Amino acid sequence: MFETEMDANQNLFFNQDKVQLNHSKVVFKGKNNCLILDEGAILDHSELIFYGDNALVYIKKTYNKHIHTKLSVHTGCTVFIDEGASFNGRLNIMVSEHQSLIVGKDVMFSFESWIRTSDVHAIYNVENGNRINSGKSVFIGEHVWLAQDVKVLKGAIIGSGSVVGAGAVVTSAVPNNSIVAGNPSKVIKHNIFWERPSMHNKHPETLPSKQNPVNPFFYKGASNQKEWQENGKNLSNTENPLDKKNLIDQVYSGLKLLCDLPSPAKKWWQWCNTKA
């Protein structure tokens, strides 16, 4: 059960008395916002700031209870991080323009990465006056590793089981079980899986290859990225933060994100999935 604290502006902080703030702060600058953290969570050198109204931040139990983030969320926006996430350093998050950030289970965030759904300032086409850089939601699947200094920008969709290399700038779809690197990021390796245990004190010669591994970190199946995107639009059109939370529990919690590959690699990847 959640315990709730409500302020004079109808902002809700679930489990407030059971969340430890270590050199951290939570600030509500608007009204009717909702923050849901797991009982026993530790906000470690973090800032969570709600700059508008009707926003939701919903973070489930993390890998070691710690949350290390500088997070700003604006009117009508949603941040959801499913259980098992880990923060090796501060994760910077900026969600605005009525968009959402949806993160699956068991995601590993390295040092000083950025995730944002907007460029903040508008850019227009001179010929017709149309805006060309509207905000877009960001979706990250299950068991994804974001390495140091990664930038995940508006419209990015990262499939389950993937690795985003240090310094990469992600702006589009990343297929599941792939490695991407560079600016803009490109797929440099398909058909991979990764594991959490640190290799710092291991000698390479002591680590045997995994022959015919059976593991939960290789994700197969038909692409469902359009489903994730459509549910993201439904979140944007849902005003009440608690209704947003209920929608997340129905459609995202535990759902694995499987992404399309751009052609011509798509046919090759589909062939690999049939052989796996």
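Model, not experiment: these values are computed from the prediction. In what follows, every heavy atom counts, from backbone to side chain, and hydrogens, waters and symmetry copies are set aside.
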About how many Å separate [atom2] of [Y] and [atom1] of [X], when rounded to the nearest 0.5 Å?
X: Leu12; Y: Leu242; atom1: CG; atom2: CG; result: 6.0 Å
X: Leu257; Y: Asn176; atom1: CG; atom2: CG; result: 7.5 Å
X: Thr78; Y: His98; atom1: OG1; atom2: NE2; result: 10.5 Å
X: Phe50; Y: Asn54; atom1: CZ; atom2: CG; result: 11.5 Å
X: Leu101; Y: Gln99; atom1: CG; atom2: CD; result: 11.5 Å
X: Met108; Y: Glu195; atom1: CE; atom2: CD; result: 11.0 Å

Please confirm whether Phe109 and Trp145 have ring centers closer than 6.0 angstrom. no
Phe80 and Tyr58: aromatic ring centres closer than 6.0 Å? yes
Go through the structure and list residues passing side-chain contact (heavy atoms from CB on, under 4.5 Å) with [X], not counting sequence neighbours.
X: Lys233; result: Glu230
X: Glu112; result: Arg90, Asn92, Asp149
X: Asp243; result: Thr238, Asn240, Asn246
X: Asn125; result: Glu127, Asn128, Ile132

Count I, L, V, M, F, W, Y as connected when their side-chain heavy atoms are under 4.5 Å apart, and connections chain through other members. Are [X] and [Y] then in the same cluster?
X: Phe28; Y: Leu21; value: yes
X: Val19; Y: Ile93; value: yes
X: Phe13; Y: Ile59; value: yes
X: Met94; Y: Phe111; value: no
X: Ile36; Y: Leu247; value: yes

Please identify each residue that fulfils salt bridge (charged side-chain N to carboxylate O under 4.0 Å, His left out) with Glu227, with sequence neighbours left out. none
Checking Asp106 now: which residues fulfil salt bridge (charged side-chain N to carboxylate O under 4.0 Å, His left out) with it, not counting sequence neighbours? Arg196
Keeping [X] on the side-chain end and [Y] on the backbone end, is there a donor-acceptor pair under 3.5 Å?
X: Ser46; Y: Asp44; value: yes
X: Asn177; Y: His190; value: no
X: Ser24; Y: Asn22; value: yes
X: Asp38; Y: Ala41; value: no
X: Ser223; Y: Leu258; value: yes
X: Asn11; Y: Asn32; value: yes
X: Lys189; Y: Ser178; value: no

Which heavy-atom pair separates [X] from [Y] by the least distance, and what is that distance?
X: Lys244; Y: Glu239; result: CE-O, 4.1 Å
X: Asp82; Y: Lys60; result: OD1-CD, 3.3 Å
X: Cys34; Y: Phe14; result: SG-CE1, 3.3 Å

Sequence neighbours excluded - side chain to side chain donor-acceptor pair (under 3.5 Å) pairs with any residue from residues 160-174: none
Heavy-atom side-chain proximity of [X] to [Y] below 4.5 angstrom:
X: Phe87; Y: Tyr63; value: no
X: Asn64; Y: Thr62; value: yes
X: Ile102; Y: Val138; value: no
X: Ile67; Y: Ile42; value: no
X: Val103; Y: Val79; value: no

Contacts of Phe139 that satisfy ring pair (Phe, Tyr, Trp, His ring centres under 6.0 Å) - sequence neighbours left out: none
Going by the rule ring pair (Phe, Tyr, Trp, His ring centres under 6.0 Å), which residues pair with His23 if we only count those two or more places apart in sequence or in a different chain? His45
Answer yes or no: does atom NZ of Lys151 have more than 12 heavy-atom neighbours from other residues, nucleotides or ligands under 6.0 Å? yes
Throw together a table of side-chain donor-acceptor distances under 3.5 angstrom for residues 113-122, partners on residues two or more places apart or in other chains.
unit_1 : atom_1 : unit_2 : atom_2 : d
Ser113 : OG     : Ala147 : O      : 3.0
Ser113 : OG     : Val150 : N      : 3.2
Arg116 : NE     : Ser118 : O      : 3.2
Thr117 : OG1    : Ser96  : N      : 3.0
Thr117 : OG1    : Ser96  : O      : 3.1
Ser118 : OG     : Glu97  : OE2    : 2.6
Ser118 : OG     : Val120 : N      : 2.8
Asp119 : OD2    : Asn133 : ND2    : 3.2

Against His143, only a single residue in Phe217, Tyr219, Phe193 fulfils ring-ring contact (aromatic ring centres under 6.0 Å, His included); can you say which? Phe217
In plain terms, say whether Glu83 and Lys105 are close enough for a salt bridge, that is, a side-chain N and a carboxylate O under 4.0 Å apart. yes
Tracing side-chain links under 4.5 Å among I, L, V, M, F, W and Y, which residues wind up in one group with Val27? Ile49, Tyr51
Distance-only donor-acceptor pairs under 3.5 Å for side chains of residues 70-77, two or more places apart:
unit_1 : atom_1 : unit_2 : atom_2 : d
Thr75  : OG1    : Asp53  : N      : 3.1

